[in-house]
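Beneath this line is the structure, given in structure tokens, with notes to follow.
So that the names make sense, note that chain A is the first sequence line, chain B the second, and so on, each numbered from 1.
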Protein chains: 2
Amino acid sequence: MSQTVDRALSILPLLAEGPADLGQVADRLGVHKSTALRLLRTLNEHGLVYRQSDQRYRLGARLFALAQEAVENLDVREIAHPHLVRLNESCGHTVHLAVYEDGEVLYIDKVESRYPVRMYSRIGKPVAITVAAVAKLLLADLPEAERRAVAEGLDYPRYTARSTPDASAFLKELATVREQGWATDLGGHEESINCVAAPVRGADGRVAAALSVSAPNVVVTAEELLTLLPLVRRTADAVGRDYSGQAPTPDDPKE
Amino acid sequence: MSQTVDRALSILPLLAEGPADLGQVADRLGVHKSTALRLLRTLNEHGLVYRQSDQRYRLGARLFALAQEAVENLDVREIAHPHLVRLNESCGHTVHLAVYEDGEVLYIDKVESRYPVRMYSRIGKPVAITVAAVAKLLLADLPEAERRAVAEGLDYPRYTARSTPDASAFLKELATVREQGWATDLGGHEESINCVAAPVRGADGRVAAALSVSAPNVVVTAEELLTLLPLVRRTADAVGRDYSGQAPTPDDPKE
DNA sequence: CGACGCGTTGCATCATATGCAACGCGCGTT
DNA sequence: AACGCGCGTTGCATATGATGCAACGCGTCG
């Protein structure tokens with residue numbers, strides 16, 4: 001909508017591919033060098049791009065800060081975190097929390113073993129949206145039209161023999177998932193990894209997030225993992241209750 | 001330099017404080033609502049802001065992706081990582097890698113115990129620049145003028161009794177550090193934590209990064225930690241050699 | 001020593017961002 | 001139920017501010 005800003009922001013993904021010099025940026029944008037220079041300078045002042053010693057530009061440190069603060073604003077995460085920890089303590093396996101946004105599914109929290117690690121490393125990387133149990137739950141809840149549009153716009157990589165092969169299979173799976181209210185990924189992403197997931201519903205009944213438990217089948221078989229389903233669902237429901245009894249100040253649950 | 005872009009980018013830190021609606025954004029920017037709307041729309045198209053269901057805006061998912069890619073472009077990290085792991089295996093303590101950028105010091109990698117955890121959680125958050133051993137090394141190497149400017153622009157929080165109290169003490173410490181070629185933080189940030197750090201020098205001899213070993217003094221005393229100094233320095237030198245024997249394709253070190 | 005490549009600057013032009021005013025809509029109030 | 005307020009949205013005339021050009025500085029390579 002705003003050409004200047006549009007151009008400036010187009011520089012960011014461009015630099016994400018690697019450092020570039022002024023000429024390269026100007027060429028890729030299709031603008032004059034002096035224009036690119038001014039845009040880069042502005043981005044630079046805001047810390048979004050950094051000028052390294054060889055004069056080339058790369059993405060800047062402020063991006064980290066912003067991403068950091070962005071994730072901290074996701075209040076589902078805050079509310080859910082203690083529940084994830086408890087769930088992990090009960091079963092010992094890896095626990096993930098994910099949300100849907102703009103055609104993507106993002107992990108926004110993770111608890112592994114006893115080490116509560118903010119798994120920022122996964123955030124931003126494309127989740128295996130066609131196979132991940134949490135993705136199925138989040139997509140299954142989209143309005144019909146959007147669901148179809150998203151499903152048909154996806155690639156369906158064959159991670160394993162059990163990966164979802166195409167859009168129609170995926171939509172069918174989503175229908176099942178919506179029906180039953182939980183989802184699994186049995187070796188669809190990595191041959192030896194299974195997951196069970198359950199939806200976190202907000203006050204409006206829509207799926208606000210999804211949480212999952214994952215384990216390699218050398219530790220527990222898929223059948224054993226499925227026995228955790230009630231626990232997973234109970235946890236997800238508990239999160240949903242906390243979340244929709246929406247306390248902007250969740251430290252004061254009374255009143 | 002570019003007013004439009006400048007305004008648009010100013011929205012990001014604003015939203016980092018929390019979700020905001022159109023009116024709030026327009027007010028904070030001091031522009032008309034319609035202007036703010038167009039800027040937000042442009043940011044939205046690029047995924048930097050997200051419009052949540054209550055119509056308010058918050059930071060978007062693309063930020064995660066960009067931050068992710070940005071960190072992957074920091075090639076010091078890639079080159080250094082195996083060294084950090086080896087250092088950790090030798091001594092068992094937490095190992096950090098940090099760089100300086102634009103008045104800030106950032107941790108860009110971390111290895112703890114036997115768990116190779118990407119410490120993205122620290123990235124973007126302000127490092128305790130006035131006391132951290134790595135920060136001292138990175139700042140000590142800045143050109144005189146910039147070093148003074150940075151040092152005098154800092155706050156000097158008294159984390160502990162041994163925190164650096166003010167700019168002049170800090171500059172003095174930096175001089176010492178530059179002289180001796182290594183640095184420590186003995187309880188300057190947290191009473192019971194000590195660090196030793198050494199600089200990673202690039203081909204030009206400048207300090208490109210710094211790495212440190214940290215341990216609580218209930219595990220090892222400061223004196224014992226200091227015995228690791230030769231190992232830390234050797235590791236940092238090794239990273240520097242790898243780094244300045246710059247192989248853009250570090251998997252093929254011959255030729 | 002000359003020429004090229006690259007980043008940088010000042011400036012005239014006009015494309016483009018801006019603010020205004022009016023509209024639509026949902027929600028709480030009377 | 002009707003009204004009015006608040007908020008987001010749209011179209012448009014204006015002039016501000018972004019654009020590309022041409023010229024310059026500077027370092028490097030031939």
query: When we call it a touch if two heavy atoms are under 4.0 Å apart, what does A/R51 touch: a base, just sugar-phosphate, or nothing?
result: sugar-phosphate
Judged by nearest nucleotide, the residue sitting upstream toward the 5' end of DNA chain C, A/M1 or A/G23, is A/G23
Taken to the nearest whole Å, CG/A/L37 to C1'/D/dC24 is 15 Å
message: Does B/D155, at its CG atom, have more than 12 non-hydrogen atoms belonging to other residues, nucleotides or ligands within less than 6.0 Å?
response: no
Of all heavy-atom pairs linking B/P19 and B/Q24, the shortest is O-OE1, 4.3 Å
> Is any side-chain heavy atom of A/D237 closer than 4.5 Å to a side-chain heavy atom of A/R234?
Replying inline: no
Margin query: Regarding A/H96 and A/D109, do their side chains bring together a donor and an acceptor under 3.5 Å, going by distance alone?
Written below: no
ask   = Taking the side chain as C-beta and beyond, is there a heavy-atom pair between B/Y100 and B/V127 under 4.5 Å?
value = no
Residues of residues 12-22 of chain A with a heavy atom under 4.0 Å from any atom of DNA chain D, listed by number, are none
Separation of C/dA17 atom C1' from B/I11 atom CD1, nearest Å, is 14 Å
When rounded to whole Å, the CD to C1' distance for the pair A/Q24 and C/dG7 reads 13 Å
Is the shortest distance from a Lys or Arg side-chain nitrogen in B/E69 or A/R58 to a carboxylate oxygen in the other one below 4.0 Å? no
Result for side-chain hydrogen bond (donor to acceptor under 3.5 Å, both in side chains) between A/D141 and one of A/R147, A/R178, A/R206 points to A/R206
Distance col, row A/F170:CZ vs A/E152:CD, nearest 0.5 angstrom, shows 12.0 Å
Ranking D/dG20, D/dT9, C/dT9 by distance to the side chain of B/Y57, first place goes to D/dT9
To the nearest angstrom, the CG-C1' distance between A/N44 and C/dT8 comes to 15 Å
Rounded to whole Å, CG of B/D54 lies from C1' of D/dG6 at a distance of 16 Å
Taken to the nearest whole Å, NZ/B/K33 to P/C/dC20 is 11 Å
Any protein N or O atoms within reach of nucleotides 11-17 of chain D? Criterion: under 3.5 Å, listing atom names and distances.
residue: D/dG17; atom: OP1; partner: B/Q3; partner atom: OE1; Å: 3.2
residue: D/dG17; atom: OP1; partner: B/Q3; partner atom: NE2; Å: 3.1

Original post:
Is B/R41 near enough to D/dT10 that one of its side-chain N or O atoms lies under 4.0 angstrom from OP1 or OP2?
Top reply: yes
Considering only heavy side-chain atoms of A/H32, the closest of C/dA17, D/dT9, D/dA22 is D/dA22
Please tell me if the side chains of B/E173 and B/K136 come closer than 4.5 Å, counting only heavy atoms from C-beta onward. yes
Considering every strand and a 4.0 Å limit on heavy-atom distances, what is the contact class for A/R56: base, sugar-phosphate, or nothing?
nothing
Rounded to whole Å, the CG-P distance (B/L39 to C/dA17) equals 9 Å
To the nearest angstrom, the CD-C1' distance between A/Q55 and C/dG5 comes to 12 Å
